[in-house]
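For reference, the structure is listed below as structure tokens.
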Amino acid sequence: MQASRARLFKEYKEVQREKSADPDIQLVCDDSNIFKWTALIKGPSETPFEGGVFQLAFAVPEQYPLQPPQVRFLTKIFHPNVHFKTGEICLDILKNAWSPAWTLQSVCRAIIALMAHPEPDSPLNCDSGNLLRSGDTRGYQSMARMYTRLAAMPKKG
Amino acid sequence: MDSSDDDFYSGEAMDDDYDYYNSDDAEDNDDYEFIEEDPDEDIDNLTSRRQQQSYTVLKEDDICQRQEDDITRVSTVLSISRVDASILLRHYNWCVSKVHDAWFADEDGVRKSVGLLEKPLVQFPNAKELTCGICFESYARDEVLSAVCGHPFCSACWRGYISATVNDGPGCLTLRCPDPSCRAAIGQDMIDKLASGEDKAKYCRYLIRSYVEDNRKTKWCPAPGCEYAVDFAAGSGNFDVWCLCSYSFCWNCTEEAHRPVDCGTVSKWILKNCAESENMNWILANSKPCPKCKRPIEKNQGCMHMTCSPPCKFEFCWLCLGAWSDHGERTGGFYACNRYETAKQQGDYDEAERRREMAKNSLEKYTHYYERWASNQSSRQKALADLHQMQTVHLEKLSDIQCTPESQLKFIIEAWLQIVECRRVLKWTYAYGYYLPEHELAKKQFFEYLQGEAESGLERLHQCAEKELQQFLTDESPSKEFNDFRTKLAGLTSVTKNYFENLVRALENGLADVDSHAACSKTTSSKHAGGASKGKSGRGKGSSRTGGSHDTGR
Ligand SMILES: [Zn+2]
Ligand SMILES: [Zn+2]
Ligand SMILES: [Zn+2]
Ligand SMILES: [Zn+2]
Ligand SMILES: [Zn+2]
Ligand SMILES: [Zn+2]
């Protein structure tokens with residue numbers, strides 16, 4: 001508990017110090033609980049998520065960083081490895097490939113990479129996975145782009 | 001005593017020095033070979049004598065020793081540390097030759113994929129302080145530790161990292177540096193340096209388990225609570241192994257030992273039993289109505305010869321419920337309780353009726369075989385318990401009553417061991433029989449003949465060991481008949497052993513000898529009769545044996 005708090009506090013200070021180090025990621029610690037974080041990440045360019053801003057919720061376990069944080073999308077996203085309803089993410093580093101040297105910041109980076117490179121063979125969203133697996137890239141992209149516009153972009157007008 | 005008793009023990013079998021184990025056909029079946037007699041021999045030795053050299057039972061010490069030896073070999077041949085050798089061996093499923101081959105073919109490739117670095121990836125030659133890669137605190141140089149790669153972590157974080165992985169399961173054996181970009185393997189040296197005593201023990205446990213479970217040559221004994229492993233050398237067609245815990249199992253499929261029946265038949269049969277288990281529950285019930293007085297009789301003995309309680313005292317066969325006295329005659333002169341006859345289908349059945357009849361027949365057929373399979377199973381369990389009781393209690397008692405040294409009572413233990421083994425074989429022959437194609441009539445008859453011979457021999461042996469022995473346990477003083485009993489039981493053991501060897505051999509042959517059936521049964525029967533004096537052959541001999549001989553010694 002003390003170790004995880006100390007480690008999170010280090011990460012907190014690092015985030016404060018390097019606020020503009022990575023313009024695609026904005027990590028925010030909860031006002032009252034250092035084990036709860038949110039992040040805003042920008043959809044990577046040249047993907048159907050470009051132009052969208054996606055919100056992630058982090059729940060950090062007491063054994064952190066020996067155990068990975070739990071992360072899910074709060075913003076709706078159409079992606080094979082993200083559960084469409086719960087926002088749960090299927091990503092190896094959040095499970096068995098976790099390393100205690102990862103940080104919340106590097107998890108965000110890994111999630112951005114996952115948005116650009118979906119893994120249709122381990123889908124949490126079958127519709128999305130099937131489109132990609134059947135080779136219907138255009139179908140996938142237009143669905144994903146539609147949801148990005150609907151859910152991840154500031155309403156115009 | 002019935003004169004027919006002479007038939008099944010005679011000649012060398014009667015000798016008090018038990019040299020019947022050296023009888024002439026022992027040499028073509030090493031499996032059951034009892035080579036020489038040693039008066040101090042205990043049951044462990046008897047059991048281990050059944051082992052062929054195709055396998056070795058390993059205790060934990062043996063496992064560790066072999067593991068150490070393999071590590072030493074690899075470390076010597078490749079000139080690497082023992083820690084690295086252990087990592088390599090685990091990666092190649094503990095196969096020394098695979099390690100050698102891979103290493104000499106492509107050392108760099110192997111090092112890379114296994115994570116054995118030769119030099120550090122990162123170096124901090126002038127730094128006074130280093131930042132731990134997990135807690136991000138700064139530490140003096142001598143407070144951080146690294147694997148070969150050089151990635152620095154403080155010892156508290158190392159401990160946490162190692163403890164979390166060890167408690168997560170056997171994956172700790174492939175531990176890597178915590179740095180996600182680094183694949184450096186973390187070996188046992190780091191564990192020894194940093195893990196708690198409890199975690200170290202867990203790690204060692206996983207290492208031993210891996211040596212047995214990942215190794216293609218070894219398996220754990222599947223008996224509950226048994227901690228021995230069996231190392232099996234390929235090349236033998238027979239997979240039955242006897243563990244030192246006395247459990248025997250098939251090394252190939254890890255079901256209980258099922259020689260002479262093959263693994264495929266066994267797994268089919270076990271599946272079938274699962275599917276039919278609800279229909280068959282009644283068979284496992286241990287009581288049946290007496291065929292004469294209809295009172296329920298509980299089966300609490302191993303042999304199938306049942307006697308109803310007074311005043312009825314009707315003697316009958318547990319399996320077919322026929323009178324035991326005409327067990328031989330009724331069935332055409334030889335033991336036929338093992339046979340399954342399909343109900344005659346005649347007359348003009350309409351289609352629906354025919355189907356119903358077929359369904360009924362197929363269930364009846366299965367029931368026939370299943371009941372015999374299950375009865376032999378429970379009979380074997382009973383025999384095992386009796387054997388244990390004999391070894392722990394009765395033998396000593398008997399020795400006192402009959403004023404005979406225990407070493408001279410070995411024939412009783414040998415009889416029980418034979419019973420246990422025969423019940424096992426007999427049980428599996430019923431699975432074999434169930435799958436024997438209906439249309440291969442000659443084979444089926446040959447099989448049922450051999451099985452019947454073996455089974456009737458076994459029933460006699462079991463009855464003799466179970467019931468006839470009782471009186472000598474209650475004697476006030478040494479009994480004159482005890483020597484006769486010894487001769488009879490030892491003879492029955494030998495004869496039954498021969499019958500079963502014939503059965504096993506024939507089944508392993510796929511009943512290929514069916515054509516020489518007549519000739520075969522002639523030679524074998526004269527063999528176990530101990531000489532030409534009992535020159536009756538085949539069925540004729542069977543009839544004289546079976547008729548009425550069950551009351552012998554009662
Ligand atoms: Zn640390
Ligand atoms: Zn490293
Ligand atoms: Zn065992
Ligand atoms: Zn098997
Ligand atoms: Zn009765
Ligand atoms: Zn019967």
Side-chain angles (χ1 to χ4, degrees), chain A residues 1-19 21-22 25 27 29 34-35 37 58-71 89-114 116-117 119, chain B residues 113 115 120-122 124 129-139 143-147 149-186 190-191 194-196 198-199 202-203 206:
Chain A
M1 182 77 167
Q2 250 2 76
S4 54
R5 181 180 291 276
R7 157 75 186 256
L8 284 167
F9 189 60
K10 292 245 173 221
E11 290 194 45
Y12 174 78
K13 281 201 290 189
E14 185 69 14
V15 165
Q16 300 306 75
R17 200 162 56 83
E18 304 234 1
K19 253 196 164 107
D22 193 336
I25 301 168
L27 260 168
C29 179
I34 200 167
F35 292 93
W37 293 62
F58 286 78
V60 184
E62 285 178 13
Q63 296 82 12
Y64 182 79
L66 295 174
Q67 306 258 302
Q70 288 169 14
V71 195
I89 304 166
C90 179
L91 179 59
D92 59 351
I93 67 142
L94 292 175
K95 297 183 172 121
N96 47 8
W98 171 254
S99 154
W102 291 93
T103 61
L104 301 185
Q105 183 87 15
S106 53
V107 168
C108 290
R109 249 178 263 127
I111 291 172
I112 292 172
L114 181 70
H117 304 283
E119 304 266 359
Chain B
S113 70
L121 295 172
V122 288
F124 310 93
E129 287 200 332
L130 291 172
T131 303
C132 165
I134 293 176
C135 64
F136 302 158
E137 303 281 353
S138 294
Y139 290 91
E143 286 177 298
V144 298
L145 290 121
S146 335
C149 56
H151 292 116
F153 304 96
C154 76
S155 60
C157 286
W158 267 119
R159 280 179 220 284
Y161 178 62
I162 288 173
S163 160
T165 333
V166 168
N167 286 291
D168 208 33
C172 62
L173 298 179
T174 52
L175 197 60
R176 305 271 184 162
C177 168
D179 187 299
S181 66
C182 176
R183 309 256 306 145
I186 306 297
M190 291 293 268
I191 309 289
L194 293 159
S196 68
E198 196 186 323
D199 287 350
K202 275 188 196 160
Y203 186 89
Y206 285 130

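Chain letters run A, B, ... following the sequence lines, proteins first, then strands; residues in each count from 1.
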Glu11(A) portion near chain B, given a 4.5 angstrom heavy-atom threshold: side chain
Taking every non-hydrogen atom, the tightest pair across Thr103(A) and Phe136(B): CG2-CZ, 3.4 Å
Specify which of Asp179(B), Thr165(B), Ile134(B), Asp168(B) makes the most heavy-atom pairs with chain A at under 4.5 Å. Ile134(B)
Above 12 or not: heavy atoms from other molecules or residues under 6.0 Å from CZ of Phe124(B)? yes
Using heavy atoms and a sub-4.5 Å threshold, report which of residues 90-100 of chain A line up against chain B, by residue number. Ser99(A), Pro100(A)
Atom CD of residue position Gln63(A) - does it have more than 12 heavy atoms of other residues, nucleotides or ligands inside 6.0 Å? yes
